[in-house]
Student: 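Mind looking over this structure? Questions follow.
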Protein chains: 2
Amino acid sequence: MTEKSSSKAQAIVTEVRRRIADREWRQGDRIPDEAELAVEFGAARATVNKALQLLAKEGLLDRKRRAGTHVTVNPTRKATLTIPIVREQIEQAGMEYSHRVVAQKKSPIPAAIAERMELPEGQMLIHLRTVHYGDGKPFQAEDRWINPAAAPGVDGIDFHRVNANEWLVRNAPWLRAEIAFSAENANARDARLLETRQGSALLILQRTTFNDLGAITTVRVAFHPGHTMIATH
Amino acid sequence: MTEKSSSKAQAIVTEVRRRIADREWRQGDRIPDEAELAVEFGAARATVNKALQLLAKEGLLDRKRRAGTHVTVNPTRKATLTIPIVREQIEQAGMEYSHRVVAQKKSPIPAAIAERMELPEGQMLIHLRTVHYGDGKPFQAEDRWINPAAAPGVDGIDFHRVNANEWLVRNAPWLRAEIAFSAENANARDARLLETRQGSALLILQRTTFNDLGAITTVRVAFHPGHTMIATH
DNA sequence: TTAACCTCTATGTCTAAACTTATTTTGACG
DNA sequence: CGTCAAAATAAGTTTAGACATAGAGGTTAA
């Protein structure tokens, strides 16, 4: 077995991946059971189990009790997206971070937002529009609604002085999130805020977070044209 | 402890998440060590370890030997994207799948592709353009380059008859992938293939896969305007 | 003061063994 | 034959115990 990493389990992961990549074990094949692999790799069954569970979570293996472990036929591979805090993303790129709150007020939520937040239409939430800059150039525009009922303490905050993203991350951790990506042509406001021309293609990230008390916040983030999000395998 | 799931480890995960969400344990706090939690939860240390490692991978906890486990200060939460096989995605939506190969030929790769695939510029690869349809309406347009050196057997295949995506998934599993999302205004070709107007905002997915032999394939997928990709927490 | 070194501790990893549980197989019975 | 129940099997989970190792903190020597 090719030892590629420090841990035994990781070595098993690597070796099984190699066998699949090299087609020693083909799509649909049943692979030896945990006990046999444990003997072959000189490891305990628990260690083999850990390795195979990881590969199953990755989508490379299908595991079923009694039926054994099979190489996935149509592997739907998963990619992990890391959604960083804007400020950190900008500073990590070696730019100077700044932001500007364009609007902060209490408003009744429109139908689309109500649906996303699973709240009744017309409820009064905090509505916030912010632009984040790197070295003075617009990086992303945020359109955010915050539900004070699920984020205690938010009412007294002046988001002109405190970064909403960071305040929320620190003061209202979420239990569940819904995230969606899409592309939209910049509308007049997007264009103005991002200092680009109307109609240019923007990557849009839409995220709603929930805790026991319900929806905390929903945000539509419009990235500057040309922005790329990287996902890691 | 609120038992939310079958497994003990999962129950610990849920309870720790709750304590963080309810701010019993706050950002930056050091939480009790594994041995203490094991006693509190009436579990073995290995079980607590499994739970905490999961939360650390999620980004909620920071763990360091000797220093203990802390609640992450600026949690960079991760989202998992499932990139399905087109056919399955379309059929799952209850539509009838079809596809059309617009072009298949051997061409020298341009500089941008060469860089992505870590190959010398001008190398001859298979170039493929395909449109995938749901109920006859264009769903996504693929622009793909395939490296026969890393995908043995690909040379004889007629991709007018075989779906490239599915052939590759089955015959050339990858070890490493690079995935990126962005938005682009539809160019003339995109507009024609997707039957939309030039300039409309398209969600673009760019993926390159590798095995021991090098880059297998790189593909630029342009989705129909309005398409949304969902990520799960 | 600083650098080099040591010690201690909390996490990381593995093991053997047991028990649980989903699922397939088998086989008895109608 | 088909049906239902029992047996068998492979993965799922947990446990106690052991050892490895990073790294914080303290100690000593230059």
Side-chain angles (χ1 to χ4, degrees), chain A residues 1-17 19-20 25-73 75 78, chain B residues 1-17 19-20 25-73 75 78:
Chain A
M1 179 165 59
T2 332
E3 310 274 337
K4 285 226 179 171
S5 159
S6 42
S7 110
K8 214 162 186 170
Q10 190 51 53
I12 296 174
V13 165
T14 305
E15 170 63 9
V16 171
R17 253 206 278 265
R19 289 189 190 176
I20 294 170
W25 293 340
R26 305 184 158 221
Q27 263 57 6
D29 282 4
R30 172 161 179 193
I31 75 170
D33 67 38
E34 294 184 348
E36 288 174 63
L37 291 176
V39 173
E40 189 200 326
F41 291 137
R45 185 167 82 85
T47 307
V48 174
N49 179 275
K50 193 177 166 189
L52 297 190
Q53 288 209 8
L54 201 146
L55 290 163
K57 221 166 65 180
E58 237 175 54
L60 215 50
L61 296 178
D62 272 336
R63 321 191 73 213
K64 257 200 304 203
R65 276 160 162 150
R66 164 81 215 223
T69 300
H70 292 255
V71 180
T72 307
V73 178
K78 288 165 184 67
Chain B
M1 179 165 57
T2 333
E3 311 274 335
K4 286 227 179 168
S5 159
S6 42
S7 108
K8 212 164 188 171
Q10 191 51 52
I12 296 174
V13 165
T14 305
E15 170 62 10
V16 171
R17 253 206 278 264
R19 288 189 191 177
I20 294 171
W25 292 340
R26 304 185 159 221
Q27 265 56 10
D29 282 3
R30 173 161 178 190
I31 76 170
D33 67 38
E34 294 184 348
E36 289 174 62
L37 291 175
V39 172
E40 189 200 326
F41 291 136
R45 185 169 79 87
T47 307
V48 174
N49 179 275
K50 193 178 166 188
L52 297 189
Q53 288 208 7
L54 200 147
L55 289 163
K57 221 166 65 180
E58 238 176 53
L60 259 185
L61 297 178
D62 272 335
R63 321 191 73 213
K64 258 199 302 202
R65 276 161 163 152
R66 162 81 215 224
T69 300
H70 293 254
V71 180
T72 307
V73 178
K78 289 164 183 67

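All values below come from the heavy atoms of this structure, side chains included, with hydrogens, waters and symmetry mates left out. Quick note on labels: first sequence line is chain A, next is B, and so on, each numbered from 1.
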Student: Nearest whole Å is fine: how far is dT11(C) P from Lys57(B) NZ?
Tutor: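 Those two atoms, NZ and P, are 18 Å apart.
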Student: Residues two or more places apart in sequence or in another chain: which of them pass side-chain hydrogen bond (donor to acceptor under 3.5 Å, both in side chains) with Gln27(B)?
Tutor: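 Applying side-chain hydrogen bond (donor to acceptor under 3.5 Å, both in side chains) to Gln27(B) gives none.
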Student: Glu40(B): what forms a side-chain hydrogen bond (donor to acceptor under 3.5 Å, both in side chains) with it, not counting sequence neighbours?
Tutor: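 In terms of side-chain hydrogen bond (donor to acceptor under 3.5 Å, both in side chains), with neighbours along the sequence ignored, Glu40(B) is linked to Arg19(B).
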Student: Return a single string for nucleotides 12-22 of chain C, one symbol per nucleotide in 5' to 3' order, where B is base contact, S is sugar-phosphate-only contact and - is none, cutoff 4.0 angstrom on heavy atoms.
Tutor: BBSB--B--BB
Student: At the 4.0 Å heavy-atom cut-off to chain A, mark where contacts on DNA chain D begin and end, going 5' to 3'.
Tutor: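 The contact span of chain A on DNA chain D goes from dA8(D) to dT13(D).
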Student: List in chain and number order the residues that pass side-chain contact (heavy atoms from CB on, under 4.5 Å) with Lys78(B), two or more places apart in sequence or in another chain; answer none if no residue qualifies.
Tutor: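 If we apply the side-chain contact (heavy atoms from CB on, under 4.5 Å) test to Lys78(B), skipping adjacent residues, the hits are Thr80(A), Thr82(A).
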Student: Considering residues at least two apart in sequence or located in another chain, which fulfil the side-chain contact (heavy atoms from CB on, under 4.5 Å) criterion with Thr72(A)?
Tutor: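 In terms of side-chain contact (heavy atoms from CB on, under 4.5 Å), with neighbours along the sequence ignored, Thr72(A) is linked to Asp62(A), Pro75(A).
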Student: What pair of heavy atoms forms the shortest contact from Ala9(A) to Ala51(A), and how long is it?
Tutor: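 That closest heavy-atom pairing would be O-CB, 3.6 Å.
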Student: Taking side-chain contact (heavy atoms from CB on, under 4.5 Å) as the definition, give me every residue that meets it alongside Asp29(A), ordered by chain and number, with sequence neighbours left out.
Tutor: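 With sequence neighbours excluded, Asp29(A) shows a side-chain contact (heavy atoms from CB on, under 4.5 Å) to Arg26(A), given in chain and number order.
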Student: Which residue pairs satisfy the salt bridge (Lys or Arg N to Asp or Glu O under 4.0 Å) criterion with at least one member in residues 42-56 of chain B, sequence neighbours excluded?
Tutor: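 Applying salt bridge (Lys or Arg N to Asp or Glu O under 4.0 Å) to every pair that reaches into residues 42-56 of chain B, excluding sequence neighbours, yields Glu34(B)-Arg45(B).
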Student: Using the side-chain contact (heavy atoms from CB on, under 4.5 Å) criterion, which residues pair with Glu36(A)? Sequence neighbours excluded.
Tutor: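 Scan of Glu36(A) (side-chain contact (heavy atoms from CB on, under 4.5 Å), adjacent residues dropped) gives Pro32(A), Asp33(A).
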